[in-house]
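Notes follow the structure.
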Amino acid sequence: MSAKTLYDKLWDDHVVRTENDGTSLIYIDRHLVHEVTSPQAFEGLRIAGRQPWRTGSVLAVPDHNVPTTDRTAGIADPVSRLQVETLDQNCRDFHLTEFPMSDIRQGIVHVIGPEQGATLPGMTVVCGDSHTSTHGAFGALAFGIGTSEVEHVLATQCLIQKKMKNMLISVDGKVGAGVTAKDIVLAIIGEIGTAGGTGYAIEFGGEAIRDLSMEGRMTVCNMAIEAGARAGMIAVDDTTIDYVKGRPFAPRDGHWNQAVSAWSALKSDEGAEFDLVVRLDAHSIQPQVTWGTSPEMVIPIDARVPDPADEPDSVKASGIHRALDYMGLQAGMPINEVSIDKAFIGSCTNSRIEDLREAASVVRGHQLADNVKLALVVPGSGLVKEQAEREGLDKIFTEAGFEWREPGCSMCLAMNADRLEPGERCASTSNRNFEGRQGKGGRTHLVSPAMAAAAAIAGHFVDARTLVEKENTQ
Amino acid sequence: MMQAFTVLNGLVVPLDRSNVDTDAIIPKQYLKSVKRTGFGPNMFDDWRYLEPGEPGMDHSKRTPNPDFVVNQPRYKGAEILLARDNFGCGSSREHAVWALTDYGIRAVIAPSFADIFFNNSFKNGLLPIALDEAIVDQLFREVEAQEGYRLAIDLEAQTITTPSGGVIDFEVDEFRKYCLLNGLDDIGLTLKHADEIRAYEERRRQEAPWLFQE
């Protein structure tokens, strides 16, 4: 038997049948559902008179539209409210497990799946959300789907797919102190571009990836889609298994040992062939800041914003020019001179307990800069929030002038009330800096939690390591 | 049943930007709808109108941005969108495809597409066609040079014919082509294999029982 990649193994384990042209029917183990991309799928089931194939595979949660302020009054926006109520009703009608807004376990779908052990190594995991790639951190095949496919999975437990190509991104060596998972993945996107992974399933490997906690690995896989890859994944090791153990949906009783033994095979075999291998030197990765309107428009904190005059390709040069114009930046200016209006710490990329600890370690003992109008901290789930409060992180944030909110997607995409006004500039731990993503005319700079916290304190982008160092030498 | 796609002779509108993301195609405030229809007036909403838009507004009363290509009178009624590389990147929102089809776009031609958007298109009778960058460049030049520029797309033959009679071949997966030509609901096709799905489940239940722990 020839050597297989992790993706080859996950794929082979889930093929139900394959047509002559390679189109395959793939079985789905876990289907995560949220309120935005599911109503039309449930409507489709009703129209066709179909029932969900396996209700136990579904876990649903409202996250995009939920308010992050006091929830006792419900959702003020009637359109958002209807969408959340529609999910509640669909879950009741079709007998699906849901964590409604009032449940302590409610949170961002990509935070709660792993938190509950509903995401397991070796699974196929799908959700009507592109950041489903997050769950690949567990050695799972996880990818985002459209609403028609949500309906397809509900009705058949399968998806029609063609196998993707294999890419290995190896981050070799160790990163320097204070360089985070977010910096690693932004550097990767800067290297291969936002379409670099199109058509591929990416496996992230190398010492710097192996060294990451599960939270860090989820941050990296989360942004595989920003590199164009539907699926990102990381091999299973002790870090993975230790994280999963004891979680509510994790294998129980006699199944645990059997599962762990099966999971130990979830890595690429020695000598497995990849269609493309990209290597990055971990030592050379610095804290990153995006300057433009695509995640690939990213530079290290000590660098300058690019000049379109230096770009030979005319389509790219006009893209740089348009991005600078939208972002209100001058070509060649140092990124650490750019001041911000708001900061957002949250999203499916960076709202887990480790992210909040990382930001709090920078914030401790400082105050929000006068020019920063709002700094939001939005935990990824009710349970993350509870744990952070047990550790006193909420106090560190609120004493510094940050707002401590209820869990949800919040200002990552501004479907609820949290958003940027036109022209406002934000240091954001989210995943997309597209035009208008955080509000029409809003200007988003993607950074790590430490870098967002540091920018909120300094009032402009700054190397977070310098703040922490000062702290340590005092 | 989705709308079948066989042949199309349509006016072309050129959108000369790369990395057009699905947030740009349909901004987030319109995703609150629980319906599949009515997204057309909000296709490219931030670029298309001068004032900010919200769901429930009468969009016909808003001021169109005269600089945005879709608003130019010569492209009114366009059915084919000509775009640059990595079209449809970002969010998985199928609403982006629904906005394009609701507006009247039936085909998108670009050097490359993001995977999820590409896949969503086929589920809704929208044909995404990937062509070499040099050919796309040439099409951009021809569209801009000639008012009323139309392309004739024949899915069965997998050809695009230009006004001067030039013929461009394109690739499409056999299975996707079959579904699109016949307007087939692929859930119905998959359910024909229900026995195989059940057999797979039985086997997996033995191999990996924890996956069926409910």
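Here is the naming used below: chain letters follow the sequence lines, and residue numbers restart at 1 for every chain. None of these values were measured; they are calculated from a predicted model.
Contact residues of residues 63-70 of chain B toward chain A are absent (heavy-atom distance under 4.5 Å). Against chain A, the residues from residues 16-29 of chain B that qualify, each with a non-hydrogen atom under 4.5 angstrom away, are B:Asp16, B:Arg17, B:Ser18, B:Asn19, B:Asp21, B:Asp23, B:Lys28 in number order.
Of the residues considered (A:Glu435, A:Gln258, A:Gln161), A:Gln258 shows the highest number of contacts with chain B, using heavy-atom pairs under 4.5 Å. When each of A:Gly44, A:Gly228, A:Ser57, A:Ser80 is checked for heavy-atom pairs under 4.5 Å with chain B, A:Ser80 comes out on top. Listed options A:Ile160, A:Thr293, A:Thr97 were ranked by heavy-atom pairs under 4.5 angstrom with chain B; first place goes to A:Ile160. Among the candidates B:Pro209, B:Cys89, B:Ala96, the residue making the largest number of heavy-atom pairs closer than 4.5 Å to chain A is B:Pro209. Listed options A:Arg252, A:Met164, A:Glu296 were ranked by heavy-atom pairs under 4.5 angstrom with chain B; first place goes to A:Arg252. Of all the listed residues (A:Gln157, A:Lys162, A:Glu43), the one sharing the greatest number of non-hydrogen pairs under 4.5 Å with chain B is A:Lys162. When the candidates A:Ala229, A:Gly319, A:Gly199 are compared by the number of heavy-atom contacts under 4.5 Å with chain B, A:Gly199 comes out ahead. Of the listed residues (B:Ser33, B:Gly90, B:Ser112, B:Gly53), the greatest number of heavy-atom pairs within a distance under 4.5 Å of chain A belongs to B:Gly90.
Summarising the local packing, CD of B:Gln158 is surrounded by more than 12 heavy atoms from other residues, nucleotides or ligands at distances under 6.0 Å. No more than 12 heavy atoms of other residues, nucleotides or ligands lie within 6.0 Å of CD in B:Glu171, so this atom counts as exposed by the packing criterion. Sparse packing is recorded around CG of A:Asn20, with 12 or fewer heavy atoms of other residues, nucleotides or ligands lying under 6.0 Å away.
B:His193 contributes atom NE2, which lies 10.5 Å from atom OG1 of A:Thr156 (distance to the nearest 0.5 angstrom). Note that the OH atom of B:Tyr178 and the CD atom of A:Glu19 stand 10.0 Å from one another [nearest 0.5 Å]. How far CD of A:Glu151 is from CG of B:Asp186: 9.0 Å, rounded to the nearest 0.5 Å. Atoms CG and CG, on B:Leu31 and A:Leu413 in that order, are 7.5 Å from each other to the nearest 0.5 Å. A distance of 6.0 Å separates CG of B:Asn120 from CD of A:Glu149, quoted to the nearest 0.5 Å. A distance of 9.0 Å separates CG in B:Leu211 from CZ in A:Arg30, rounded to the nearest 0.5 Å.
Both the backbone and the side chain of A:His14 come within less than 4.5 Å of a heavy atom in chain B. Contact annotation for A:Ala48: neither backbone nor side-chain heavy atoms come within less than 4.5 Å of a heavy atom of chain B. Using a 4.5 Å cut-off between heavy atoms, A:Val150 does not touch chain B at all. Both the backbone and the side chain of B:Phe212 come within less than 4.5 Å of a heavy atom of chain A. Proximity to chain B involves both the backbone and the side chain of A:Ala259, based on heavy atoms less than 4.5 angstrom apart. With a 4.5 angstrom heavy-atom cutoff, A:Asp13 touches chain B via backbone and side-chain atoms both. When heavy atoms are compared at a cutoff of 4.5 Å, B:Asp46 approaches chain A by way of both its backbone and its side chain. At a 4.5 Å heavy-atom cutoff, the contact between A:Arg437 and chain B is made by backbone and side-chain atoms alike. Residue contact with chain A, scored on non-hydrogen atoms closer than 4.5 Å, involves the side chain of B:Glu54 exclusively. When heavy atoms are compared at a cutoff of 4.5 Å, A:Phe249 approaches chain B solely by way of its backbone atoms N, CA, C and O. Looking at A:Arg81, neither its backbone nor its side chain comes within 4.5 Å of chain B, counting heavy atoms on both sides. The parts of B:Ala194 that come within reach of chain A are both its backbone and its side chain, each placing non-hydrogen atoms under 4.5 angstrom from that chain. Contact of B:Glu201 with chain A is made through the side chain alone, with heavy-atom distances under 4.5 Å. Of the atoms belonging to A:Gln438, it is backbone heavy atoms, and not side-chain ones, that fall under 4.5 Å from chain B. Both the backbone and the side chain of B:Ser91 come within contact range of chain A, judged by heavy atoms closer than 4.5 Å. In this structure, no portion of B:Arg176 lies under 4.5 Å from any heavy atom of chain A.
A salt bridge does not link A:Asp129 to B:Arg93: none of the charged side-chain nitrogens sits closer than 4.0 Å to a carboxylate oxygen.
Nearest heavy atoms, A:Val15 versus B:Arg203: O-NH2, 4.5 Å. Between B:Gln213 and A:His255 the shortest heavy-atom distance is OE1-ND1, 4.1 Å. Closest non-hydrogen pair, B:Thr190 versus A:Cys158, comes out as CG2-CB, 4.4 Å.
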| task | Check the pair A:Thr194, B:Asn86 against side-chain contact (heavy atoms from CB on, under 4.5 Å), reporting the backbone distance first and the verdict last. | result | CA-CA 8 Å; A:Thr194 47; B:Asn86 202 25; 3.5 Å; yes
| task | Decide yes or no on side-chain contact (heavy atoms from CB on, under 4.5 Å) for B:Leu191 and A:Trp53, but give the supporting numbers first. | result | CA-CA 10 Å; B:Leu191 286 174; A:Trp53 181 279; 4.0 Å; yes
| said: For a side chain to side chain donor-acceptor pair (under 3.5 Å) check, start with the C-alpha distance between A:Ser148 and B:Glu94, then their side-chain angles and the critical distance, and finish with the verdict. | reply: CA-CA 8 Å; A:Ser148 295; B:Glu94 198 159 318; 2.4 Å; yes
| task | Give the intermediate values and the outcome of salt bridge (Lys or Arg N to Asp or Glu O under 4.0 Å) for residues B:Lys32 and A:Asp77. | result | CA-CA 10 Å; B:Lys32 295 176 186 180; A:Asp77 175 357; 2.7 Å; yes
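For the pair A:Met123/B:Trp210, no side-chain contact is recorded, criterion being any heavy-atom separation below 4.5 Å from C-beta on.
Looking at B:Asp115, its side chain never comes within 3.5 Å of a backbone N or O of A:Thr198 through a donor-acceptor pair.
For the residue pair A:Gln40 / B:Trp98, no side-chain donor-acceptor distance below 3.5 Å is found, with atom types taken as modelled.
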